[in-house]
Amino acid sequence: MIGKKAQAGIMDAMIFLLVASGAATLLIYIAGAYGASANQQVIAIYNYEFAGNALVALHYANDSKGKWFFNELKEKLPSGFTEVVAYLGPGGDAHGVWQKLKDASPSTCPALTFRSVAAPDVVDEYRDPQCGLTSVKDRLAYASSVDIKDADGDTWAVGVKLYY
Amino acid sequence: MHMKKGFIGPIGDDLPSILGIVLALGLFFAGITYSLNVYNQKGDNLTMMKGSIEITRTITKSGIITDLPTASQSAEPIAESYGLQHKANFGSKHIDCSDNAYVFTYLVAKSGPDLATLHICVWEG
């Protein structure tokens, strides 16, 4: 039989064990969380870089008829988004350009976005229907855009967006 | 000497609690050591990823690559400063890289209006 003082000592030791376990668990959790959060930041940087580089590369691209991709977009934008869809879609002159963007993309669902400065709340997006994205609201995405002037002199923000 | 049953001595009463305290201390310091190791390992990984991003940024900065070996060579000083090696090629993902390399893909213009996928792999070495 142990004395009351010893019993109190054991109780104190158990409480200390509890506190020490909690502190160790917290430290391990924080160490893991730090790595995960920093990793996410680096992944984000890479995705933003991809989107920005892709836009620069698209400036040098020609469509299947040998015309500059961005120049043709400038011609088609005033006519409406359906013209752009026809240009980028299957059978369109720029479908090869779109395919190359898709093939290089780290995301399985890249998109080309078009937003007129005159109507900033309206964003048209061209992406593959096979992506299966019925709603993109609140979806994780990384994007970069560049301003161009269309044939009518209106400014459009043309972007590359990567959905996850 | 008058002995009670089960009475070892003044220290005897404290032995069970000492065991608990030693166990708790051991657990605590093991936790600290493990966390430090994880932190250092993540730090090394992050440095490698940061170096990788800087290398790929240097190679792809102009958006058009007319001479890939020269573009790849321009990233050599950065790779050396991080203790990394890198390789870049167009088209195929199966480039001759280390198994634990990071592989990045970019869309670039290749010698004019031709678009191509550029694969850059970076590894420690």
Side-chain angles (χ1 to χ4, degrees), chain A residues 1-21 23-32 34-36 38-39 41-43 45-46 49-50 52-63 66-69 96-97 99-106 160, chain B residues 4-8 10 12-32 34-43 45-46 48-50 52-53 56-57 60-65 91 102 104-119:
Chain A
M1 288 293 279
I2 53 174
K4 281 188 181 158
K5 277 192 183 164
Q7 278 178 345
I10 290 168
M11 197 61 207
D12 287 344
M14 290 300 124
I15 290 169
F16 180 55
L17 183 63
L18 194 66
V19 169
S21 310
T25 307
L26 188 67
L27 275 170
I28 290 166
Y29 170 74
I30 288 170
Y34 157 73
N39 226 26
Q41 284 182 3
V42 178
I43 288 169
I45 290 170
Y46 163 58
E49 297 248 324
F50 177 90
N53 281 344
L55 277 171
V56 174
L58 287 173
H59 271 90
Y60 294 102
N62 277 5
D63 61 20
K67 296 183 179 174
W68 294 106
F69 174 70
V97 174
Q99 276 299 128
K100 287 191 175 167
L101 173 64
K102 244 183 41 165
D103 292 342
S105 163
V160 168
Chain B
K4 288 183 199 170
K5 249 193 222 173
F7 181 66
I8 302 167
D13 269 356
D14 291 337
L15 264 175
S17 56
I18 286 170
L19 279 171
I21 289 168
V22 166
L23 187 67
L25 282 171
L27 191 68
F28 181 68
F29 285 111
I32 286 183
Y34 178 75
S35 303
L36 252 165
N37 281 341
V38 167
Y39 176 80
N40 286 335
Q41 197 180 35
K42 301 268 183 202
N45 272 352
L46 286 171
M48 186 176 159
M49 286 188 90
K50 183 172 171 252
S52 308
I53 294 280
T56 56
R57 193 178 278 174
T60 61
K61 61 184 173 197
S62 64
I64 180 165
I65 295 179
Y102 287 120
F104 299 88
T105 60
Y106 288 92
L107 182 70
V108 294
K110 183 181 164 188
S111 304
D114 188 24
L115 290 181
T117 302
L118 178 69
H119 296 286

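Order of the sequence lines fixes the chain letters, A, B, ..., with proteins taken first and strands second; residue numbering starts at 1 for each chain.
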Tell me whether A/Gln99 at atom CD has more than 12 heavy atoms from other residues, nucleotides or ligands lying less than 6.0 Å away. yes
Could you state the interatomic distance from CG (A/Asp103) to CG (B/Leu107), rounded to the nearest 0.5 Å? 9.5 Å
Do A/Ile45 and B/Arg57 have side chains that approach each other closer than 4.5 Å (heavy atoms only, starting at C-beta)? yes
Set out, in order, the CA-CA distance, both residues' side-chain angles and the distance that settles side chain to side chain contact (heavy atoms under 4.5 Å, CB included) for A/Phe16 and B/Leu25, then state yes or no. CA-CA 9 Å; A/Phe16 180 55; B/Leu25 282 171; 3.8 Å; yes
CD1 (A/Ile15) and CD1 (B/Ile21) are apart, to the nearest 0.5 Å, by 11.0 Å
Audit row: B/Met49, A/Tyr46, side chain to side chain contact (heavy atoms under 4.5 Å, CB included) steps and yes/no: CA-CA 10 Å; B/Met49 286 188 90; A/Tyr46 163 58; over 6 Å; no
Side-chain touch B/Val38/A/Ile28, heavy atoms, less than 4.5 angstrom: no
Without hydrogens or angle criteria, can the side chains of A/Asn53 and B/Thr60 be said to hold a donor-acceptor pair below 3.5 Å? yes
Quick check: closest heavy atoms across A/Ala20 and B/Ala24, and the distance to 0.1 Å? CB-O, 3.6 Å
Measuring from B/Ser17:OG to A/Met11:CE, what's the distance to the nearest 0.5 Å? 12.5 Å
Output the distance between atom CG (B/Leu23) and atom CE (A/Met14), rounded to the nearest 0.5 Å. 7.5 Å
Residue part contacting chain A, namely of B/Tyr34, when any heavy atom lies under 4.5 Å: side chain
I need the minimum non-hydrogen distance between B/Gly31 and A/Ala24, along with the two atoms involved. CA-CB, 4.0 Å
Nearest heavy-atom approach of B/Thr105 to A/Pro106 is OG1-N, 4.4 Å
With the side chain counted from C-beta on, respond yes when B/Asp114 and A/Lys100 share a heavy-atom pair under 4.5 Å apart, and no when they do not. yes
What's the shortest heavy-atom distance between B/Ser62 and A/Val56, and which atoms? O-CG1, 3.6 Å
Counting only non-hydrogen atoms closer than 4.5 Å, does B/Leu46 touch chain A with its backbone (N, CA, C, O), its side chain (CB onward), both, or neither? side chain
Between A/Ala31 and B/Ser35, which heavy-atom pair has the shortest distance, and what is it? CB-O, 3.8 Å
